[in-house]
J.: 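One structure follows; several queries about it will come next.
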Amino acid sequence: LFYKPNIPLAVIEAKDNKHSVGAGMAQALAYAEILDVPFAYSSNGDAFLEHDRTATSGTVTREIPLDQFPAPEELWQRYCKAKGWTDSQQQVNAQDYHDDGSGKSPRYYQEIAINRTVQAVLQGRRRILLTMATGTGKTVVAFQICWKLWEAGWNARGERRRPRILYLADRNILIDDPKDKTFTPFGDARWKIENVDPVKSREMYFAIYQSLAKDERRPGLFREYQPDFFDLIIVDECHRGSARDESNWREILEYFAPAYQLGMTATPLRDDNRDTYAYFGDPIYTYSLRQGIEDGFLAPYR
């Protein structure tokens, strides 16, 4: 059950009335865990059993008559209260995803990644990590995160303006392809930083590290922008050197320390990327290669 598109609130497992009202609860809770929804229900057609996954004390499970099932707004308000969101935080969390009119919507795990990231930003978490297997659509996730925050007018300072976002990677194809395809709804707000005359009037920026970095041939273009210029920085394929302690690219991230920084990687924690996990922290969501194959979104490899 959705409060509105892309905001799932509950899952119901239905049995016939040869079963008890709670016979499907174990299944409902398993689905709720996978789909990251706060309320689980079981029913045999005679009543509902509710399990409130947000409850930390008090009544967690209760039986509800058929004619007293909670309205969507009631469940939404209970969920917001459990999260401790202010009115403005509720507004941003409820901001619509971008709809391109194709009828396609993000997959369930993409919804979870998008919603959890937006919530982490609103809760003030400055370093965020998403670990998602190659081919599971990290670019789509990044776009919808940016769109929700941009449309809602969120920014790091709480000012009345849209955010300035930097999408950062280490290869031109990882920048040009998203900019020219997935991120086209941003229109003229897009700008690729690639010369010595930095533009500061846009809102959705794209750059490779090499064009910003300081070396023997370049002065460090990133210093043309104030440290707090960007509200959000998204680092694609962040395991490839960006967060290593000795990396000259690390200097860019540290310079823009006031910004919220989201790292995206397909690589689980291992010895050669330990610095990445130390810098961004534990992933707020992981969608593994195995999960993708089991769900049918990825093909097994040979």
Side-chain angles (χ1 to χ4, degrees), residues 5-6 88-89 91-102 104-106 110-111 113-115 117-122 126 128 130 137-212 221-238 242 252-253 255-264:
N6 308 118
S88 60
Q89 288 174 326
Q91 177 189 350
V92 179
N93 276 294
Q95 177 65 48
D96 292 335
Y97 285 18
H98 179 266
D99 183 357
D100 62 5
S102 67
K104 292 176 63 177
S105 60
Q110 293 171 335
E111 280 183 350
I114 295 162
N115 294 341
T117 301
V118 171
Q119 290 172 20
V121 167
L122 294 177
R126 296 274 173 165
I128 304 166
L130 288 174
K138 291 190 291 297
T139 304
V140 171
V141 168
F143 165 73
Q144 292 290 4
I145 291 167
C146 294
W147 185 263
K148 278 177 71 81
L149 295 174
W150 191 70
E151 280 289 284
W154 169 88
N155 60 77
R157 297 186 190 180
E159 299 171 344
R160 295 179 63 84
R161 62 173 174 83
R162 284 176 161 168
R164 291 186 289 263
I165 301 170
L166 174 62
Y167 191 98
L168 196 58
D170 67 340
R171 299 177 186 176
N172 274 305
I173 192 171
L174 295 177
I175 291 301
D176 294 338
D177 200 61
K179 180 178 75 71
D180 297 334
K181 295 178 182 177
T182 308
F183 283 78
T184 53
F186 282 95
D188 291 339
R190 293 169 296 161
W191 184 260
K192 183 179 180 183
I193 304 171
E194 54 184 346
N195 55 48
V196 295
D197 185 19
V199 170
K200 301 180 181 180
S201 59
R202 308 299 175 90
E203 293 159 345
M204 189 69 233
Y205 294 81
F206 298 82
I208 58 172
Y209 294 109
Q210 295 89 328
S211 67
L212 297 179
L221 186 57
F222 68 93
R223 294 189 181 276
E224 295 292 330
Y225 297 88
Q226 291 297 316
D228 61 354
F229 181 81
F230 296 108
D231 300 287
L232 172 66
I233 297 176
I234 295 178
V235 187
D236 193 15
E237 303 293 356
C238 63
S242 63
I252 298 172
L253 298 184
Y255 177 80
F256 291 119
Y260 287 76
Q261 297 180 11
L262 166 64
M264 298 191 302

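Please read these numbers as outputs of a predicted model, since none were measured by experiment.
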J.: Nearest heavy-atom pair of Met264 and Ala142: which atoms, and what distance?
T.: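 Closest heavy-atom pair between Met264 and Ala142: CE-CB, 3.8 Å.
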J.: Could you grab the distance from atom OG1 of Thr139 to atom CG of Asp236, nearest 0.5 Å is fine?
T.: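 So the OG1 of Thr139 and the CG of Asp236 are separated by 5.5 Å.
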J.: As an exercise, state the distance from CD1 of Ile233 to CG of Leu262, rounded to the nearest 0.5 Å.
T.: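 If we round to the nearest 0.5 Å, Ile233:CD1 and Leu262:CG are 11.0 Å apart.
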J.: Can you list the steps and then say if Leu168 with Leu253 is a side-chain contact (heavy atoms from CB on, under 4.5 Å)?
T.: CA-CA 10 Å; Leu168 196 58; Leu253 298 184; 4.1 Å; yes
J.: Other residues, nucleotides and ligands only: do more than 12 of their heavy atoms fall within 6.0 Å of CG on Asp188?
T.: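 Incorrect, the count does not exceed 12.
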J.: Taking the six-membered ring of Phe229, is the NZ or CZ of Arg164 close enough (under 6.0 Å from the centre) and on axis enough (within 45°)?
T.: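 The answer is yes, since Arg164 meets both limits relative to Phe229.
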J.: Tell me every residue that passes ring pair (Phe, Tyr, Trp, His ring centres under 6.0 Å) with Phe222, counting only those two or more places apart in sequence or in another chain.
T.: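 In terms of ring pair (Phe, Tyr, Trp, His ring centres under 6.0 Å), with neighbours along the sequence ignored, Phe222 is linked to Tyr255.
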J.: Are any non-hydrogen side-chain atoms of Arg171 and Ile208 less than 4.5 angstrom apart?
T.: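 No, their side chains stay 4.5 Å or more apart.
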J.: Tell me every residue that passes side chain to side chain contact (heavy atoms under 4.5 Å, CB included) with Arg160, counting only those two or more places apart in sequence or in another chain.
T.: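 Checked Arg160 against side chain to side chain contact (heavy atoms under 4.5 Å, CB included); zero matches.
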J.: When you measure from the side chain of Gln110 to the backbone of Val141, do you find a donor-acceptor pair of N or O atoms at a distance under 3.5 Å?
T.: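 Checking the backbone N and O of Val141 against the side chain of Gln110, no donor-acceptor pair under 3.5 Å is found.
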J.: Search all heavy atoms of Ile175 against all heavy atoms of Tyr167 and return the closest pair with its distance.
T.: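 Reported closest heavy-atom pair: CD1-O, 3.4 Å.
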J.: Within 45° of the six-membered ring axis of Tyr260 and under 6.0 Å from that ring's centre, is NZ or CZ of Arg126 located there?
T.: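 Yes, a cation-pi geometry.
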J.: Side chains of Pro198 and Leu221, heavy atoms from C-beta outward: is any pair under 4.5 Å?
T.: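 Yes, at least one pair of side-chain atoms sits under 4.5 Å.
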J.: For Tyr97, which residues count as a ring pair (Phe, Tyr, Trp, His ring centres under 6.0 Å) partner, sequence neighbours excluded?
T.: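 For Tyr97, no residue satisfies ring pair (Phe, Tyr, Trp, His ring centres under 6.0 Å) once neighbours in sequence are set aside.
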J.: Indicate every side-chain donor-acceptor pair of residues 177-184 with a distance under 3.5 Å to a residue at least two apart or in another chain.
T.:
| residue | atom | partner | partner atom | Å |
| --- | --- | --- | --- | --- |
| Asp177 | OD1 | Lys181 | NZ | 2.9 |
| Thr184 | OG1 | Lys181 | O | 2.9 |

J.: Angle between ring planes, His98 versus Phe143, binned at 30° and 60°: parallel, tilted or perpendicular?
T.: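 Geometry flag for Phe143 against His98: perpendicular rings.
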J.: Distance from Glu224 atom CD to Leu212 atom CG, nearest 0.5 Å?
T.: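 Reported to 0.5 Å precision, the distance equals 11.0 Å.
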J.: Contact between Leu166 and Ile193 at the side-chain level, heavy atoms closer than 4.5 Å - yes or no?
T.: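 They are in side-chain contact.
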J.: What closest approach, in Å, do Phe206 and Arg190 show between heavy atoms, and which atom pair accounts for it?
T.: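 Nearest heavy atoms, Phe206 then Arg190: CE1-CG, 3.9 Å.
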J.: Listed by chain and number, what are the side-chain hydrogen bond (donor to acceptor under 3.5 Å, both in side chains) partners of Gln261, not counting sequence neighbours?
T.: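 Checked Gln261 against side-chain hydrogen bond (donor to acceptor under 3.5 Å, both in side chains); matches are Tyr279.
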J.: Extract all donor-acceptor atom pairs below 3.5 Å that involve side chains of residues 145-153 and protein atoms in other chains or at least two apart in sequence.
T.:
| residue | atom | partner | partner atom | Å |
| --- | --- | --- | --- | --- |
| Lys148 | NZ | Asn93 | O | 3.0 |
| Lys148 | NZ | Gln95 | O | 2.7 |
| Trp150 | NE1 | Glu203 | OE1 | 2.8 |
| Glu151 | OE2 | Arg162 | NH2 | 2.9 |

J.: Which heavy atom of Val199 sits nearest to which heavy atom of Tyr205, and what is that distance?
T.: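 Where Val199 meets Tyr205 most closely, the heavy atoms are O-CE2, 3.2 Å.
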J.: Working to the nearest 0.5 angstrom, can you tell me the gap between Arg157 CZ and Trp154 CH2?
T.: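 Interatomic distance, Arg157 CZ to Trp154 CH2, rounded to 0.5 Å: 11.5 Å.
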J.: If you draw a 6.0 Å radius around CD in Glu159, do more than 12 non-hydrogen atoms from other residues or ligands fall strictly inside?
T.: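 Count over threshold, so yes.
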J.: Atom SG in Cys238, atom CG in Asp170: separation rounded to 0.5 Å?
T.: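 If I round to the nearest 0.5 Å, the distance is 10.5 Å.
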J.: Got a donor-acceptor contact below 3.5 angstrom from the Asp228 side chain to the Pro258 backbone?
T.: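 The answer is no, because no donor-acceptor pair under 3.5 Å joins these two groups.
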J.: Quick check for you: to the nearest 0.5 Å, what is the distance between Leu130 atom CG and Thr117 atom OG1?
T.: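 Output value for this atom pair is 4.0 Å.
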J.: Less than 4.0 Å between a side-chain N and a carboxylate O, is that true for Lys192 and Asp176?
T.: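 Salt bridge between Asp176 and Lys192, a charged N being under 4.0 Å from a carboxylate O: yes.
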J.: What are the two closest heavy atoms between Leu174 and Glu237, and how far apart are they?
T.: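 Distance-wise, the nearest heavy atoms are CD1-CG, 4.0 Å.
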